[in-house]
Amino acid sequence: MKWNGWGYSDSRFLFNKKGQAEFTGKRYRLSGMIIPGLKDWMEGTFGANLQHKTQPVLNTSAVQPPMLNEAFVEELKSTGIPFSHEADDRVFRAHGHCLHEIFALRDGKIGRVPDMVVWPNCHNDVVKIVELACKHNVCLIPYGGGTSVSSALECPPEETRSIVSLDTSQMNRILWIDEKNLTAHVESGIVGQDLERLLNESGYCTGHEPDSMEFSSLGGWVATRASGMKKNIYGNIEDLVVHIKMVTPRGVIEKSCQGPRMSTGPDIHHFILGSEGLLTAIIKILYLRDHEKYSESLIDMQKLYHGLSSIFTSFLDGLKKFYITKFKGFDPNRLCVATLLFEGAREKVLQHEKQVYDIAAKFGGLAAGEDNGQRGYMLTFVIAYLRDLGMDYYVIGESFETSVPWDRVLDICRNVKARIIRECKDKGVQFPPLSTCRVTQTYDAGACVYFYFAFNYRGLSDPVHVYEQVEHAAREEILANGGSLSHHHGGTTS
Amino acid sequence: MLKKRDDFEDILEERRNTSDLRYALRCYTPALYKGLTPCTASELKTMVLQSDQLLYVINQVSKETGTATDEIQSEAEAILEEMAHRLQLSTIRFFAFTLSKIFKTLFRSICVNEEGIQRLQQTIQEQPVVLLPSHRSYMDFLLMSYILYTYDLALPVIAAGMDFMGMKIVGEMLRMSGAFFIRRSFGGDKLYWTVFSEYVKIMLKNGFAPVEFFLEGTRSRTAKSLTPKLGLLNIVMDPFLKGEVFDISLVPVSISYERILEEALYARELLGVPKPKESTSGLFKARKILSENYGSIHVYFGQPVSARSLAEGRVDRSQFNLTPRHIPRKPSEGIQDFVNDSAFRLVRSQEENMVLKPWVLLAALLLQNQTAGNKLGVLVEDLTEQAVWLRDLSRQFGAFLHWPDHIPPSRVVSSSLSLHRSLVRVSEGRVQLNLEPGFPPPAMTPEEELLSKAVVVLSCASYRNQVLHVFIRAALLASAIHSVAGSRKQEIFNAFSFLRNMFSNEFILRPGAEVQDFEEACYLLVKSAVLQVHQQEVLVTDRGHRTLAFLTSILDPFVQGYQMVCRFLCEEATESLTEKQFVPAVRKFFIKHLLTGELKYVEVLSSDLQKNALAALLRLGAVQKLRGGANEGTLKVNTVMVNSLEDTLGGKLPTQKPLAARL
């Protein structure tokens with residue numbers, strides 16, 4: 001895992017000696033492939049230049065020595081729970097993936113970091129740690145997958161007490177599966193892809209698939225009220241969770257039954273879901289469903305997807321590109337791509353597929369085939385790697401999202417994109433920014449819109465500050481246009 | 001305060017040198033909003049008729065009245081048919097040709113700031129655009145379209161009053177040159193309002209064409225800007241406020257005429273000769289106008305004002321998030337205030353970019369001379385000296401004065417006088433207003449004689465009025481200083497606020513901006529070394545008295561006019577006086593007092609001033625208008641209050657209760 005960028009150490013975008021973009025490693029379908037259009041796209045969209053490269057500064061010696069609470073450490077030793085105060089371990093858990101956090105790390109700036117890391121192995125370990133922390137006046141920050149994008153892992157610089165990072169990674173087991181009720185009891189530290197793999201072995205899945213599922217943990221999903229790409233079939237995290245056990249400084253909270261619904265309110269889960277970082281640890285049960293996968297994708301002529309579509313078109317092999325652009329009359333710079341994943345029993349999938357293609361045909365769209373669909377789906381996992389590539393070349397960016405009623409979707413897209421462009425100009429950004437969006441989740445009463453925003457920061461003295469001002473303005477615009485502050489990015493986190 | 005303004009270019013010059021026909025037939029390919037393809041008039045109608053808003057209101061009206069929706073739908077179609085424009089390039093070309101001919105005979109030049117045109121061209125491609133010209137003449141909107149055609153800019157659709165449509169052929173021709181017609185009043189007609197507002201909004205938010213309308217609602221007969229009307233501004237702001245477009249650009253356009261075609265017509269109208277109904281034959285009668293020289297026209301396209309920046313920090317747009325947007329709602333109070341405030345700002349920026357000719361200053365000076373009782377007139381040399389003094393003062397105040405500095409002042413003065421020779425008389429080196437009846441003297445009653453004098457005075461005042469916006473704040477301050485015995489700043493401010501409040505129907509004074517206006521006035525008068533403003537005190541410098549005297553007397557006719565209206569209401573108004581009878585009755589009262597010499601300003605005969613005074617008294621609650629029944633429109637006068645307002649205006653009473661705003 002990278003300590004100052006996204007994902008696995010061996011997987012990254014880079015420009016090879018021939019100046020072609022390449023994705024390294026062996027983990028993804030894209031790995032080892034040359035992406036011919038990416039260079040032009042970066043240069044064209046951002047005015048980025050391969051000659052202008054930033055050099056990340058690696059400087060772990062800048063870490064301050066740990067500030068330990070001796071009494072706490074002593075008692076913790078007696079419990080046998082493993083812990084560490086090595087600089088590497090501490091720095092690794094001092095940040096999430098907000099732009100400013102990664103930017104500071106690449107710049108060699110390391111602020112306040114946890115003084116110590118503990119690895120509980122089970123629920124009772126957590127209970128013990130929380131008790132000790134209360135007793136000795138020590139701060140706890142829970143840590144799951146480290147993918148937070150809401151600054152939840154940042155240590156307050158003014159904190160004078162000892163800060164302990166509570167890493168749940170060892171609590172990664174499925175304790176039991178109840179096939180009669182289609183539920184499972186899972187520890188909070190399990191990472192998305194492991195949970196899915198283990199359930200698949202028994203013929204089940206959760207269907208919860210946020211973009212970060214390779215790294216984010218179940219506990220983080222609950223703490224951030226996460227949503228996944230397959231939510232239309234399986235629901236969001238709040239629909240999946242039946243029971244939660246939470247350790248708090250004042251004791252353990254849990255419901256006394258596992259009934260699927262109750263009328264007594266308010267539902268205690270609503271205090272826990274989305275409370276972001278206030279929790280210590282969570283243990284829970286999920287629905288399981290039969291599963292069958294089937295994926296496909298189609299192309300439509302709307303402009304929503306503009307920016308990213310050019311990456312997509314670079315995957316189209318020559319012949320297909322020729323067919324689509326010349327025979328069907330699509331302009332590769334204006335085509336819009338929808339990646340769709342159909343999942344469920346075979347008849348259902350076929351029926352859904354037909355419905356969608358009929359709608360697409362009505363608006364002049366066409367299906368681009370399963371292969372492209374799978375690539376498109378996989379893209380959502382590698383997008384995060386793209387940001388690191390951008391940062392190598394003075395491009396910083398971020399995504400944020402909102403949920404909004406249907407009749408305002410187009411208005412909000414247009415206005416927020418325009419606001420971003422205008423704010424960048426006002427704030428002195430020298431190059432036109434990338435300002436684009438896509439619809440990622442749909443509901444009966446509205447949709448989730450995901451905005452991507454990135455710009456070339458050459459010539460700016462404090463790019464992160466500019467970035468934050470623009471993002472703030474964009475969020476104001478979202479609120480003014482009837483959008484919510486966020487749809488799920490408190491994040492797929494912790 | 002001095003703003004940098006663009007330079008002008010005369011567009012008639014090219015017309016005088018190249019073929020008008022070729023000009024009218026040349027290739028016209030304006031840049032459009034975001035490269036849009038223009039939509040036909042019939043497509044536009046379909047969009048309006050199928051809009052959610054209209055369908056909603058049709059259903060609502062159907063439920064309320066029990067009429068079938070089909071019927072209401074066809075009613076809506078009829079309204080739209082009556083309203084919609086049918087812009088045709090061929091008509092535009094026809095106008096381009098004929099107007100070129102007409103303009104060349106009437107005007108010496110038509111000057112346009114080309115930088116403004118370039119800004120506009122840029123803006124049209126980026127944002128939906130609303131053009132907001134000042135309104136002084138019938139010419140305004142033809143002139144606007146003519147200029148936009150000349151510069152290959154998108155032609156606007158123009159909101160025009162229904163009275164134009166009465167002019168048979170011309171009405172249709174105007175329609176084909178982009179005018180759409182709205183009824184003057186449709187108060188409670190929900191259906192009409194919806195068709196109308198949807199029509200405007202759909203054109204605007206799709207960027208089909210710039211929308212043009214007159215903020216002042218009607219032509220100003222006095223050359224003073226009129227209090228803005230808010231209906232259309234509300235409509236065009238709506239798509240922005242509801243997030244249907246990113247932004248809207250509002251472009252104030254200032255059209256200044258050296259001589260207005262309607263000059264004498266307006267003066268007669270203000271004196272009570274009823275307005276001739278717009279008719280085609282009337283227009284042809286106006287042909288004799290063609291033989292006269294009307295000087296030059298200056299058209300200044302101002303800096304586009306973004307609706308977004310106006311709303312920044314003022315409007316919480318999320319208030320529109322909780323109701324579906326197609327359900328019509330009355331704008332909240334906050335929104336109304338915002339639109340009102342924006343309207344005032346826009347009218348003020350129109351005012352600021354109005355080009356003032358030297359004659360405007362001369363008119364102000366000659367009027368002051370005339371009321372000072374100078375029967376012989378003023379020596380040309382003296383007038384020139386005063387004009388140079390006033391020129392420098394108005395420049396210090398930021399006026400957009402077109403005074404040719406390379407020509408000796410005496411020549412500037414004499415050429416101005418000769419262009420306006422119908423209004424002034426120069427004999428034996430002395431100048432005065434041309435008030436004596438022509439030769440041979442026709443037999444006239446004193447009243448007729450007074451009225452014929454008044455025509456000249458009001459015509460002259462309509463030039464003087466053009467400069468009022470430059471001086472108004474300082475003039476209010478000067479009068480306040482004059483009326484307050486001491487030099488205490490707070491007292492002066494109170495008097496200033498009183499006067500400002502009193503005259504806020506007369507001049508463009510942004511609601512709620514007392515303190516800013518006061519500070520602006522102080523700033524200007526300190527800068528021109530008239531005042532010293534301290535923490536608690538305001539002192540007049542030795543050099544300042546001339547300026548203060550000039551400023552006080554510029555406001556004086558209005559003060560006296562308002563005082564006399566108050567007196568009329570206290571002394572003469574009967575129980576049954578209605579709003580309709582008000583103006584004729586006041587006029588009679590004024591004529592009587594003018595003839596006895598008790599009243600010195602002939603210009604108070606202007607019905608505009610009288611109506612404004614009444615509106616102010618109604619606003620202040622000193623007069624009430626009864627509603628309903630047999631008493632509809634009857635004015636109920638609160639004599640005590642009107643009396644005390646009169647005395648306060650006359651300086652007999654100190655400004656009463658301290659006003660809400662304190663310094």
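All chains are named by letter (A, B, ...) in the order of the sequence lines, taking the proteins before the strands, and each is independently numbered beginning at 1. Keep in mind that the numbers below use all heavy atoms, side chains included, and drop hydrogens, waters and symmetry copies.
One finds the NZ atom of K205(B) at 8.0 Å from the CG atom of D411(A) (value rounded to the nearest 0.5 Å). Separation of atoms CZ (R408(A)) and CZ (F320(B)) is listed at 10.0 Å; rounding is to 0.5 Å. Rounded to the nearest 0.5 angstrom, R419(A) CZ and F246(B) CZ are separated by 6.5 Å. Separating the CG atom in N321(B) from the CG atom in N481(A) is a distance of 7.5 Å, to the nearest 0.5 Å.
For S318(B) against L479(A), the heavy-atom pair with the smallest separation is CB-O, 3.7 Å.
Taking 4.0 Å as the cut-off between side-chain N and carboxylate O, E476(A) and R317(B) do not count as a salt-bridged pair.
For chain A, no part of D316(B) is nearby; none of its heavy atoms comes within less than 4.5 Å. Looking at Q127(B), only its side chain comes within 4.5 Å of chain A, counting heavy atoms on both sides. For a residue to count as touching a neighbouring chain, one of its non-hydrogen atoms must lie under 4.5 Å from one of that chain's; by this rule R422(A) touches chain B with the side chain only.
By the side chain to side chain contact (heavy atoms under 4.5 Å, CB included) test, D407(A) pairs with P405(A), R325(B), sequence neighbours left out. Every residue two or more places apart in sequence or in another chain that forms a side chain to side chain contact (heavy atoms under 4.5 Å, CB included) with L120(B) is listed here: I124(B), V129(B), L131(B), L148(B), L153(B), V251(B), F301(B).
For E64(B), the CD atom counts as densely surrounded, since its 6.0 Å shell holds more than 12 non-hydrogen atoms of other residues, nucleotides or ligands.
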